[in-house]
Amino acid sequence: MTIIKKMIKDARFVWICLGLLAIIIRSLATPAAIEQVYSRGIFVFIRTVVDFITGIVPFALVYILFVVLVILLIKKIRSVIKDERRWQTRLGSALFSSIAFAAGVIFFFLVLWGFNYGRVPIEQQMGFETTPLNLEELKMELDSTTKVIAQLRAEIPNITDSSLTKSFLPTELEKTMHTALKDILKQHDYPTPGNVRGRILYPKGLLLRISTAGVYIPFTGEGHIDAGLHPIQLPFVTAHEMSHGYGFGDEGTCNFLAFLACIHSDDSLLRYIGYFSYWRYVASNYRRYEKELYTDFYKEKVPDGVKNDLKAIYREMDKYPDIFPVVRDAVYNNYLKAQGIKEGIQNYSRILMLEKGRKNKLKLEN
């Protein structure tokens, strides 16, 4: 009994219990329950409170979070060094503390945002079905989308065949993309509380070196976009990270919402960027199956301006080569699967199935 009482009084034991409780709830809760109770209830309140704080602070809160974590780590190391107990006791205590810390992280991750991974899929909310594209459908989509981006690019004022630059972007890009995304979410009856931020993260390449253009941090409630991205990528990635902020964990869903936010804009540049970003997913998937045919298609059908935009992006990406790409892919792949996303990092390409379902629905309605 004495041992049990000591464990209950130990805050570390409490955090372990809270972490396990959160995992159990996540495992047992149905998508419908998560959607109604958490995503459209508890999370709406969390989003409102968090955005009140982020609206006051003029910089990304992740910098403060990093400093706090470093300070806590230093304090913990010093306490372990000063501990005069036997090394076996110190080791056991340090291990117990590490488990408690991990459990606490899991608890806050799920409560602040992570439960959204289990919500009702967006295709059910929007009323259409998703099916994979076969090779012929991919080829047709590549052909039709190439024509669309060629036309949309030609509509951009003062455009040439040179790659697009930052000067073409809206002056207040974050605000523009936030408004566009909220409009799309409202059209489909999703709550849009607060004002999700899409912060530019420095130093350049911090995320790109782990093959990531942006990241949403649940512990600060902000989306972050790597400062090293080419300007052409900024609108889509910003809307993607903001979509995470509004309670969508699925990467393909966030790509889809970013795509819709761009293509429904009044700005011809944003419409082009939306379809251009979507085209890149179509092209990469088709190239995976028909590399030689794609090469011929690229040479003959893709306009010079689009090619120059692609080359400009690749030049920027080459400045920040991956660090341990195999390890990164393995870790992130397992992370996504642990959240219930069976296809892992291939989930980003789910945008193709979502767009196919949306277009099929529009055809039926018309």
- Give a yes or no on whether a salt bridge exists between Glu123 and Arg350, defined as a side-chain N under 4.0 angstrom from a carboxylate O.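 Here Glu123 pairs with Arg350 in a salt bridge, since their nearest N and O are under 4.0 Å apart.
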- Query: Is Lys319 salt-bridged to Glu316, cutoff N-O under 4.0 Å?
  - Reply: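 Yes, this pair counts.
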Taking everything shown except [X] itself, do over 12 heavy atoms lie less than 6.0 Å from its [atom1]?
X	atom1	result
Lys361	NZ	yes
Asp266	CG	no
Glu365	CD	yes
Tyr63	OH	yes
Gln187	CD	yes
Phe101	CZ	no
Lys307	NZ	yes

Measuring from [X]:[atom1] to [Y]:[atom2], what's the distance to the nearest 0.5 Å?
X	Y	atom1	atom2	value
Asp309	Asp304	CG	CG	11.0 Å
Thr220	Ile64	OG1	CD1	9.5 Å
Thr253	Asn116	OG1	CG	11.5 Å
Leu352	Asn285	CG	CG	5.0 Å
Ser93	Arg12	OG	CZ	4.0 Å
Phe168	Ser268	CZ	OG	9.5 Å

Report whether [X] and [Y] are members of the same hydrophobic cluster (ILVMFWY, side-chain heavy atoms less than 4.5 Å apart, transitive linking).
X	Y	value
Val120	Ile42	no
Tyr117	Leu28	no
Leu364	Met126	no
Met242	Val49	no

Can you label the angle between the [X] ring and the [Y] ring as parallel, tilted or perpendicular, going by 30° and 60°?
X	Y	result
Tyr38	Phe115	perpendicular
Tyr216	Trp113	tilted
Phe236	His240	tilted

- Message: Ser39 vs Ile34, test: side chain to side chain contact (heavy atoms under 4.5 Å, CB included). Steps then yes/no.
- Response: CA-CA 6 Å; Ser39 299; Ile34 291 175; 4.0 Å; yes
Looking at every heavy atom in both [X] and [Y], which two are closest together, and how far apart are they?
X	Y	answer
Lys204	Tyr320	CB-OH, 3.4 Å
Ser265	Leu270	OG-CD1, 3.5 Å
Gly221	Val50	CA-CG1, 3.7 Å
Leu208	Asp322	O-OD1, 3.5 Å
Leu112	Phe43	O-CE1, 3.4 Å
Leu257	Ser243	CB-OG, 3.5 Å

- Task: Under the side chain to side chain contact (heavy atoms under 4.5 Å, CB included) rule, what do His224 and Leu206 come out as? Steps first, then yes or no, please.
- Result: CA-CA 11 Å; His224 306 83; Leu206 186 65; over 6 Å; no
Could you check whether any side-chain N or O of [X] sits under 3.5 Å from a backbone N or O of [Y], counting only pairs where one atom can act as donor and the other as acceptor?
X	Y	value
Asp226	Ala213	no
Thr212	Ile210	yes
Gln233	His230	yes
Gln125	His188	yes

- Query: Can you tell if the side chain of Val215 reaches within under 4.5 Å of the side chain of Val62, non-hydrogen atoms only?
  - Reply: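 Not touching, per the 4.5 Å side-chain cut-off.
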- Listed by chain and number, what are the salt bridge (charged side-chain N to carboxylate O under 4.0 Å, His left out) partners of Lys356, not counting sequence neighbours?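 Partners of Lys356 under the salt bridge (charged side-chain N to carboxylate O under 4.0 Å, His left out) test: Glu137.
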- For Glu222, what residues pass the salt bridge (charged side-chain N to carboxylate O under 4.0 Å, His left out) criterion, not counting sequence neighbours?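 Counting only residues at least two positions away or on another chain, Glu222 forms a salt bridge (charged side-chain N to carboxylate O under 4.0 Å, His left out) with Arg199.
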- Task: Sequence neighbours left out, what passes side chain to side chain donor-acceptor pair (under 3.5 Å) with Thr30? Give chain and number order.
- Result: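 So Thr30 forms no side chain to side chain donor-acceptor pair (under 3.5 Å) with any residue.
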Do any side-chain atoms of residues 65-74 form donor-acceptor pairs under 3.5 angstrom with protein atoms, and if so which ones, sequence neighbours left out?
none

- Item | Arg358 and Phe256: CA distance, side-chain angles, deciding distance, side chain to side chain contact (heavy atoms under 4.5 Å, CB included) verdict | CA-CA 10 Å; Arg358 184 184 77 94; Phe256 182 57; 3.7 Å; yes
Could you pull out all donor-acceptor pairs under 3.5 Å where a side-chain atom in residues 144-151 meets a protein atom, sequence neighbours excluded?
{"from": "Ser144", "atom 1": "OG", "to": "Met140", "atom 2": "O", "distance (Å)": "3.1"}
{"from": "Ser144", "atom 1": "OG", "to": "Glu141", "atom 2": "O", "distance (Å)": "3.2"}
{"from": "Thr145", "atom 1": "OG1", "to": "Glu141", "atom 2": "O", "distance (Å)": "2.7"}
{"from": "Thr146", "atom 1": "OG1", "to": "Leu142", "atom 2": "O", "distance (Å)": "2.6"}
{"from": "Thr146", "atom 1": "OG1", "to": "Trp279", "atom 2": "NE1", "distance (Å)": "2.8"}
{"from": "Lys147", "atom 1": "NZ", "to": "Asp143", "atom 2": "OD2", "distance (Å)": "3.4"}
{"from": "Gln151", "atom 1": "NE2", "to": "Glu155", "atom 2": "OE2", "distance (Å)": "3.4"}

- Task: Take Phe276 and Arg153, measure what side chain to side chain contact (heavy atoms under 4.5 Å, CB included) needs, and give me the verdict at the end.
- Result: CA-CA 9 Å; Phe276 172 75; Arg153 196 178 192 280; over 6 Å; no
Using residues 189-197 as the side-chain source, report each donor-acceptor pair under 3.5 Å to any protein atom, sequence neighbours left out, with the distance given to one decimal.
{"from": "Asn195", "atom 1": "OD1", "to": "His178", "atom 2": "ND1", "distance (Å)": "3.3"}
{"from": "Asn195", "atom 1": "OD1", "to": "His178", "atom 2": "NE2", "distance (Å)": "3.1"}
{"from": "Arg197", "atom 1": "NE", "to": "Glu174", "atom 2": "OE2", "distance (Å)": "2.6"}
{"from": "Arg197", "atom 1": "NH2", "to": "Glu174", "atom 2": "OE1", "distance (Å)": "2.9"}
{"from": "Arg197", "atom 1": "NH2", "to": "Glu174", "atom 2": "OE2", "distance (Å)": "3.4"}

